[in-house]
A.B. asks: 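Let me give you the structure first, and then I'll get to my questions.
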Amino acid sequence: MTAQTTDINTAAGVLRAGGLVAVPTETVYGLGANVEDAAAVARVFQVKGRPPSHPLIVHIGGAEQLVDWAEDVSEAARLLAEHFWPGPLTLVLRRSRRVPLEVTGGLQTVAVRVPDHPIALALLAGFGGGIAAPSANRFGSVSPTTAHHVRTELGPGVDFVLDGGPCEVGVESTIVDATGEIPTILRPGGVTCEDLEAVLGRPLGVDSTSRVRVPGQHPSHYAPRARVILVEPENVIAEAELALERGHQTGVFLPPSLADVPVKAHAVVTVPSSMAAYARELYGFLRDLDQQGCDLIVASLPPEQGLGLAIANRLRRAAGPRPSH
Ligand code: TXA
Ligand code: MG
C-alpha cells in the first residue's frame with residue numbers, strides 16, 4: 001500500500017512537529033528529521049544507535065536549493081548535481097551556516113543529495129526544508145529497502161512510515177567529496193564511477209578507504225546477523241558444503257555461473273546476473289537468510305565494474321571483522 005497525498009501531508013506535519021519519518025528513496029529508506037531541529041536530529045542518532053560523530057545526509061528538493069545549504073560549490077560539483085540529481089549521488093560540500101553541526105558530526109562539510117523518488121520529492125516540496133536522513137536501520141546493520149524492513153527494525157522509534165514500495169536501486173547513494181580540486185569517491189553506490197567520470201571528463205580521485213581490497217580491513221557494516229564469508233565464485237559450493245558439515249546453518253549466494261548446480265545448504269539464493277537486479281535484491285537476500293536462521297553466509301564478489309563496485313563494497317563490509325559480543 002503506497003503512500004497517498006494525505007500521508008505525505010501527515011508526514012510533513014510530523015517533521016514540522018519534531019518527529020521522525022521513514023522516507024522511501026530510490027536507494028534505500030531513510031530515517032528523516034527536520035535538519036534544523038536539534039532535538040529531532042538527536043533522536044535520529046539515538047533511534048539508530050549511531051555515534052554522533054557519524055554525519056547525516058541532508059536531502060533537498062532540487063539542485064537550485066543547494067545555495068541554502070552549501071558554500072563554495074565548485075564547477076565540477078555543479079556539473080555533477082545538474083547531471084545526476086534527482087538521483088543516487090551525494091555530494092560532500094562546504095556547509096552553509098544553515099546546517100547545524102549536529103547534522104555534520106562537527107564537520108565543516110555537509111553531504112547533500114536530491115533523492116529520485118516521487119514520494120520523497122513530494123515530501124520535500126510539502127515540508128519545504130531540508131530532511132536529514134541516514135538509512136533507516138540500526139547502526140551497522142543492513143539498510144532497509146522496503147517499508148516492512150523499517151517497521152520490523154525500528155518499530156516505535158519511527159513516528160510515521162511512508163510506504164513507497166521496494167526501492168529501485170537497492171544500494172545507497174554514491175558519495176563524492178567535491179570539496180577538493182578533484183572529486184573523489186568516498187562510498188561507491190547507485191551512480192557508477194564510469195558515469196561520473198564520463199560527465200566530468202576526467203578520472204575521479206580515489207579515496208584510500210573506499211577501494212581497499214583486503215576484506216579483513218573493513219570493519220563490519222551493512223552486515224546481517226549471520227557471519228559472511230567471501231570466496232572465489234568457483235569455491236562457493238565446496239565452501240558451503242564444508243560449513244554445513246561443520247554444523248553451520250549455511251546460506252549460499254550462488255553465483256549466476258552456477259545457477260543450476262545443486263548445492264546442499266540450509267538456504268540458497270541465486271544471484272541475478274544483472275548488476276542492477278543484484279543491487280536491488282542484495283539487502284533483501286541478506287535479510288531473508290537471517291530470517292531463515294542462517295548463521296553463516298557463503299558468497300563471492302561480482303566483477304567490480306559499474307554497480308558491481310558498490311555491491312562488492314557492501315559484501316566486503318558485511319564480511320568485515322565484527323565487534324566482539
Ligand atoms: O542512499 C543514501 O545515501 C541513503 C538514503 C536514505 O539517502 N542514506 C544513507 O545515509 O546511506 P547513511 O547515513 O546511512 O550514510 C551516509 C554516509 C555516512 O557513511 C556518513 O559518514 C557519510 O555519508 N557522510 C555524511 N556527511 C559527510 C561528510 N560531511 N563528509 C563525509 N562523509 C559524510
Ligand atoms: Mg547507513
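Atoms within each ligand, like the ligands themselves, are counted from 1 in listed order. Every value quoted in this text rests on a predicted model; they were computed, and no experiment measured them.
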A.B. asks: What is the minimum heavy-atom distance between P302 and L315, and which atoms define it?
C.D. replies: CD-CD1, 4.1 Å
A.B. asks: Tell me which donor-acceptor pairs under 3.5 Å the side chains of residues 115-135 have, and how far apart each pair is, sequence neighbours excluded?
C.D. replies:
residue, atom, partner, partner atom, Å
H117, ND1, I119, N, 3.1
H117, NE2, G164, O, 3.4
S135, OG, K48, NZ, 3.4
S135, OG, N137, OD1, 2.6

A.B. asks: Are Y283 and H149 close enough, and set up right, to give a ring-ring contact (aromatic ring centres under 6.0 Å, His included), and what steps lead you there?
C.D. replies: CA-CA 10 Å; Y283 291 146; H149 294 161; 9.0 Å; no
A.B. asks: Going through the checks in order, is the side-chain contact (heavy atoms from CB on, under 4.5 Å) test met by R202 and I182?
C.D. replies: CA-CA 9 Å; R202 62 184 293 183; I182 303 171; 3.2 Å; yes
A.B. asks: Pairs under 3.5 angstrom, nitrogen or oxygen on both sides, ligand 1 versus protein: list them out, please.
C.D. replies:
residue, atom, partner, partner atom, Å
ligand 1, 1 (O), T27, OG1, 2.7
ligand 1, 1 (O), S173, N, 2.7
ligand 1, 1 (O), S173, OG, 3.4
ligand 1, 3 (O), S173, N, 3.4
ligand 1, 3 (O), S173, OG, 2.5
ligand 1, 3 (O), R187, NH2, 2.9
ligand 1, 7 (O), H59, NE2, 2.6
ligand 1, 7 (O), R113, NE, 3.0
ligand 1, 7 (O), R113, NH2, 3.2
ligand 1, 10 (O), S135, N, 3.4
ligand 1, 11 (O), R187, NH1, 3.2
ligand 1, 11 (O), R187, NH2, 3.3
ligand 1, 13 (O), R50, NH1, 2.8
ligand 1, 13 (O), R50, NH2, 3.0
ligand 1, 14 (O), S135, N, 3.3
ligand 1, 14 (O), S135, OG, 2.9
ligand 1, 15 (O), R187, NH1, 3.2
ligand 1, 29 (N), T109, O, 3.4
ligand 1, 29 (N), T109, OG1, 3.0

A.B. asks: List for me each residue that meets side-chain hydrogen bond (donor to acceptor under 3.5 Å, both in side chains) alongside E153, sequence neighbours excluded, and say none if there are none.
C.D. replies: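 E153 satisfies side-chain hydrogen bond (donor to acceptor under 3.5 Å, both in side chains) with S141, R287 only.
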A.B. asks: Does this structure show an ion pair linking R314 with E172, if we count only N-O contacts that are shorter than 4.0 Å?
C.D. replies: yes
A.B. asks: Is a side-chain N or O of R113 found less than 3.5 angstrom from the main chain of G87, in a donor-acceptor match?
C.D. replies: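 Present.
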A.B. asks: Take the Mg ion (ligand 2) and tell me which protein N, O or S atoms are nearer than 2.8 Å.
C.D. replies: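 Those protein N, O or S atoms (cut-off: under 2.8 Å from the Mg ion (ligand 2)) are S135 OG.
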A.B. asks: Using the ring of each side chain (for Trp, its six-membered ring), is F285 parallel, tilted or perpendicular to Y278, with breaks at 30° and 60°?
C.D. replies: tilted
A.B. asks: Within the distance-only criterion (no hydrogens, no angle test), does the side chain of T174 pair as donor or acceptor with the backbone N or O of V191 below 3.5 angstrom?
C.D. replies: yes
